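Notes for the one structure printed next.
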Amino acid sequence: MTGLLDHLNVKGLTLKNRIVMPPMHTGLATRQGSVTESLIEYYARRSKMLGLLIVEHSYVRLEGKLSKKQLGIHEDNLILGLEDLSSRVHSVGTPIVIQITHAGQEASKEITGLDPVAPSPNKGARKLRTDEIESLIEAFVTAADRAMRAGFDGVEVHGAHGFLLNQFFSPLTNLRQDGYGGSFENRTRFPLEVVKRVKKIVGGRLLLYRLGSDDLDPAGVKVEDSRKFAVQLEKAGVDIIDVSGGLCGSRPKQLEEMQGYFVPQAEEIKKAVNVPVIGVGGIKEAEYADRLVKEGRVDLVAVGRELAKDPDWTLKAAEALRVQGKNR
Ligand SMILES: Cc1cc2nc3c(=O)[nH]c(=O)nc-3n(C[C@H](O)[C@H](O)[C@H](O)COP(=O)(O)O)c2cc1C
């Protein structure tokens, strides 16, 4: 039976086990968005024995920057630092991808000096024109190209937690009446165009999508919508679907106490697609993570805050599961 410590082959790349470090903002980049030595150390320290590292959300364009010391991938001069990061993680034998993002209406003029943009006017952000949407797709594409040039094994497009692509998918934030709003097809158009175009750049390397699967709001995105969307994402070339929350964010108060709080959504999505699916949410125990894989509920398990707190979480988990296996 396949468990947490078993490898997974995806598109010719071997993940040595099923443990994923999900993207988590560190605040260790410079104010210009460059990689620092402490950021490299932070990831290198946590990469040993990891199946896959997904580096924190990195903005594709200044206007989509969320916080002061967020990592950037919006300019060519950032590539050298990103290359140092990818090669350090590769030196411990772990595949590394980077999450690319635009914060949309969650960005602020205070941080960026620019007016925030959104599918519809909201929270002080102005509505994007269609020609601007086209140029934003290009911004994701050039960011993905920088990731490839910096030696990453792939990219993850951020479509969760209420940021720009998620704002287009959710009927709570997308009130447009043009080809990018209204019906399910229209609300998924922009994210799918981003995915299709990024796919061309990523080629044989990995393309992940972080899917905001549930807004936890009766009028918002529900897992049934996300199942349909996931099928389209797979068709568009996504290799791994990373299932998290939508406008409710990544750590909704009402769910947070439950270990594996977004696993039910991941499990539903897994039934609809053939590509591997990542489950996440409050996962603490190796044994629980192992069971999720053994029971076939998800293919990969993301462990965020526990790994942030304890860089040796993966080593300890592997040891605990091996001891348990021997005692059976
Ligand atoms: C400090 C912090 C920063 C985060 N930054 C990101 C991010 O950059 N991109 C993202 O998709 N999710 C981000 N998340 C969400 C995590 O990837 C993860 O989904 C969430 O923490 C739940 O997993 P956990 O309970 O194992 O930590 C962040 C979470 C935390 C706690």
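Each ligand, and each atom within it, is numbered from 1 in the order the structure gives. All figures in this text were calculated on a predicted structure; none of them were measured in a lab. Note that these values count all heavy atoms, side chains included, but never hydrogens, waters or copies made by symmetry.
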All N/O donor-acceptor pairs, side-chain side in residues 195-206, below 3.5 Å, sequence neighbours left out:
residue	atom	partner	partner atom	Å
Arg197	NH1	Glu134	OE2	3.4
Arg197	NH2	Glu138	OE1	2.5
Lys199	NZ	Gly237	O	2.9
Arg205	NH1	Met148	O	3.4
Arg205	NH1	Phe152	O	2.8

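Nearest heavy atoms, Arg297 versus Tyr288: NH1-OH, 4.5 Å.
The environment of Gln254 atom CD is dense: over 12 non-hydrogen atoms of other residues, nucleotides or ligands sit within 6.0 angstrom.
Every protein residue with a heavy atom nearer than 4.0 Å to ligand 1 is included here: Pro22, Pro23, Met24, His25, His57, Gln99, His158, His161, Arg210, Ser250, Arg251, Tyr261, Val280, Gly281, Gly282, Val303, Gly304, Arg305.
Cluster partners of Leu175: none. The rule joins Ile, Leu, Val, Met, Phe, Trp and Tyr whenever side-chain heavy atoms lie under 4.5 Å apart, and it links nothing here.
Judged by distance alone, the side chains of Ser47 and Arg88 never bring a donor and an acceptor atom under 3.5 Å apart.
Glu268 meets the side chain to side chain contact (heavy atoms under 4.5 Å, CB included) test with Val223, Arg227, Lys271; sequence neighbours excluded.
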